[in-house]
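A quick write-up on the structure given underneath.
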Amino acid sequence: MPTKRPQIEIAADIGELLLHSKALRPLTPEQTAELTRISKYDVSTYSEEDVRAEIIDPVIRVLGYAKETYFSTQREKHLKVADGDLFIDYRMTLWSQAFWVIEAKKVKRKSLKFTSAELQQALLYSVHPEIDAALVVLCDGRVFEVYDRDESVTQPAARVEVKNLPEQFHVLQALLGPWQAWFFQKRRALRVASRVLQLEMTPGRIDEFSDAMQRRVQDARAKVYDNWRKVKPSTDENAQWRSELEKASIRDIVATEFFSGQTAAGLGVVAKSLVKKSKPGAFELMYAMFPDHPENLNDQYVAQALRTLIEFEKSGREVGWMPAWLGAHQRGTNLEAPIKKLISLSLTAFEAAPEFRAVLQFAACARRLSKISMALIPTFAQLGHIRHQQVRHFFDEFDYAQFMSSPEGHNLRQLDVHAYLLTERFVHGCADKQRGRFNFNRAHTLLKDSWNTERLLLGDGAEYWRGLDGRGLGDEIQPTEHNWVDYDSLGHIVLCVLKDIPEWREYALSNHRDDVQQIAACGSWAAREVLGIAQDVQVPRLSDTDSAKRFFDGDIALFTALRDAYWNRKPRT
């Protein structure tokens, strides 16, 4: 009787199932030939070692597992249980995490059925803390049986006889292929959450559980962002990075590249890639960049969005939608008005869009608070040391990462991740779900709380700078301490975009000269260049009143306290 495809999971709808599973990869002719060869073996006299070598090993390779890869195998894994020793035949790992185990058995009976003792032994391995695998596989050379121990240990989730491998290999693939096992773990997490919620008795607990899960999702977003940064080459000329941009979706690019520090050339590469990917009307692109209500963003995000708008206008294509906060837009018109609006907002610290301004202010504050934590709390600075040790141990000695790696450098790069995470939580906390809007009053309150916390932690700044110097973090190139304090980092980076585009440079100079002069008064070399002021010419600083209005909503006492603390860096002794 033919073996049916396993019922991987019952989803509420097909969309959910597609989101939490992967399409099976087709077998190559060579793999099919290998399975056909295995299916013809007479295993009646095979020992357990023969079953491993001749049946299990090649099947594992066809599934996609191999040593020295992300999807690896570990044989004869030693486990301790109390004062006893266990040796598991195989455990399959994805990024060093065990996701399923397999036990080889000698052919010693006529019946194609495993005993309860054999299954119990494999289950004992699977529940060990070093394994924690939901999928348990038994194989005696004649049949593979897969058990999902979270669901049933009496009926296998999948069963394939070796003689039918060429026709039924997809049954094993659906559960045991590397990516399949990865997504199985995600579905497993959802199943556990579902079981817990089914037993809930207090309605309010549902919201509490949802909030707890949301916090973990937010943590994951920051980790995913960090992962992207790890694999992204550091230079915009890198062919691999450009290749990844070609393959990435619009939303993926906006969610990652828009938050990364880029050169002017890099901003242009990302902009061109997005324009190329956009469909007629460009709704997906425009809505991804400019949602109706504030979401996570920073100065780099605004600059990249502006550069993308300018590139899109240059293409001559039509845009069918723009958000109301960028001004009314009629289908078929060019992007001149939205570009001018975004330039105006950027050169005035988003004064006319206070909701978005609050997010930008918080993002800068979050980065400063993260750096204060690294300076004052010892454990915060340990992550850089751990990451440096990993690079030293695991990377090839001739790898460029060895040259660039240092504990201090890893810590400084983490500031972007911390700022992203904290801003994500800030935006989520200010979302008024009932009214479908951004709660500006809540945002302003949280922002002031963050500023006051920063002021309290900093004191006069002396201990902060001592801590930074003591941990080797005092020489960061990016002016974290001054961004949105007494330095207009947003205005500066936007002018870095405009200064190399003649028509928009002239527009900014003709229509926003006073704003550009204020940005120059904050120390921006790009503003000086646009204004034609030599870098060695002294430009008067903004008054305390103007600075407080620009960066701290008019709070002069807060401005002067933070400015003085961040300038209170004593000479090294």
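Numbers here are sequence positions counted from 1.
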For the residue pair [Y] / [X], report whether a side-chain donor-acceptor contact shorter than 3.5 Å exists.
X	Y	value
Trp567	Asp486	yes
Glu257	Gln304	no
Tyr301	Glu295	no

Are [X] and [Y] ion-paired here, with the side-chain N under 4.0 Å from a carboxylate O?
X	Y	answer
Arg242	Glu246	no
Asp432	Arg442	no
Glu481	Lys371	yes

Separation of [Y] [atom2] from [X] [atom1] (nearest 0.5 Å):
X	Y	atom1	atom2	value
Ser489	Leu360	OG	CG	8.5 Å
Thr560	Asp544	OG1	CG	6.5 Å
Arg437	Asn439	CZ	CG	5.0 Å
Ile501	Leu306	CD1	CG	7.5 Å
Leu495	Trp525	CG	CH2	9.5 Å
Leu446	Thr453	CG	OG1	10.5 Å

Closest heavy-atom contact between [X] and [Y]?
X	Y	value
Pro354	Phe440	O-CE1, 3.5 Å
Leu347	Arg550	O-NH2, 2.8 Å
Glu311	Lys272	OE2-CG, 3.5 Å
Val270	Gln262	CG2-NE2, 4.4 Å
Val516	Ala508	CG2-O, 4.2 Å
Trp465	Gly474	CZ3-O, 4.4 Å

Practice problem: With side-chain contact (heavy atoms from CB on, under 4.5 Å) as the test, would you mind laying out the steps for Arg505 and Glu529 before giving the verdict? | Solution: CA-CA 10 Å; Arg505 172 179 176 146; Glu529 183 175 323; 4.1 Å; yes
Assign the ring pair [X] / [Y] to parallel, tilted or perpendicular, where the plane angle (0 to 90°) is split at 30° and 60°.
X	Y	value
Trp504	Tyr507	perpendicular
Phe350	Phe356	tilted
Trp451	Phe552	perpendicular
His492	Tyr487	tilted

Measure the shortest side-chain to side-chain distance between [X] and [Y] over non-hydrogen atoms and say whether it is less than 4.5 angstrom.
X	Y	result
Leu412	Met374	no
Ile253	Lys277	yes
Leu498	Ile310	yes
Glu476	Leu415	yes
Phe362	Leu422	yes
Leu345	Leu326	yes
Asp488	Gln518	no
Cys365	Glu454	yes

Exercise. Show the numbers, then the answer: is there a side-chain contact (heavy atoms from CB on, under 4.5 Å) between Met289 and Ile250?
Key: CA-CA 9 Å; Met289 292 194 300; Ile250 287 175; over 6 Å; no
Would you find a donor on one side and an acceptor on the other, under 3.5 Å apart, between the side chain of [X] and the backbone of [Y]?
X	Y	value
Ser344	Lys340	no
Arg471	Ala375	yes
Ser547	Ser543	yes
Asn296	Tyr420	yes
Gln361	Phe551	yes
Gln300	Gly261	no
Arg317	Ser278	yes
Arg368	Asn483	yes
Arg216	Ala212	yes
Asn568	Asp460	yes

Exercise. Report the C-alpha separation of Met286 and Phe312 in whole Å, then their side-chain angles, then the decisive distance to 0.1 Å, and conclude whether the side-chain contact (heavy atoms from CB on, under 4.5 Å) test is met.
Key: CA-CA 10 Å; Met286 296 304 157; Phe312 204 98; 4.0 Å; yes
If you count the non-hydrogen atoms of other residues, nucleotides and ligands that lie under 6.0 Å from [atom1] in [X], is the total more than 12?
X	atom1	value
Arg205	CZ	no
Lys499	NZ	yes
Gln214	CD	yes

Quiz item: salt bridge (Lys or Arg N to Asp or Glu O under 4.0 Å) between Arg357 and Asp553: does it pass, once the steps are laid out?
Solution: CA-CA 10 Å; Arg357 171 187 169 91; Asp553 301 338; 3.2 Å; yes
Exercise. State which residue, out of Val530, Val537, Asp536, fulfils the side chain to side chain contact (heavy atoms under 4.5 Å, CB included) condition with Ile533.
Key: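 Only match with Ile533 under side chain to side chain contact (heavy atoms under 4.5 Å, CB included): Val537.
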Quiz prompt | Full working for side-chain contact (heavy atoms from CB on, under 4.5 Å) between Leu274 and Phe258 | solution = CA-CA 11 Å; Leu274 288 170; Phe258 274 50; 3.5 Å; yes
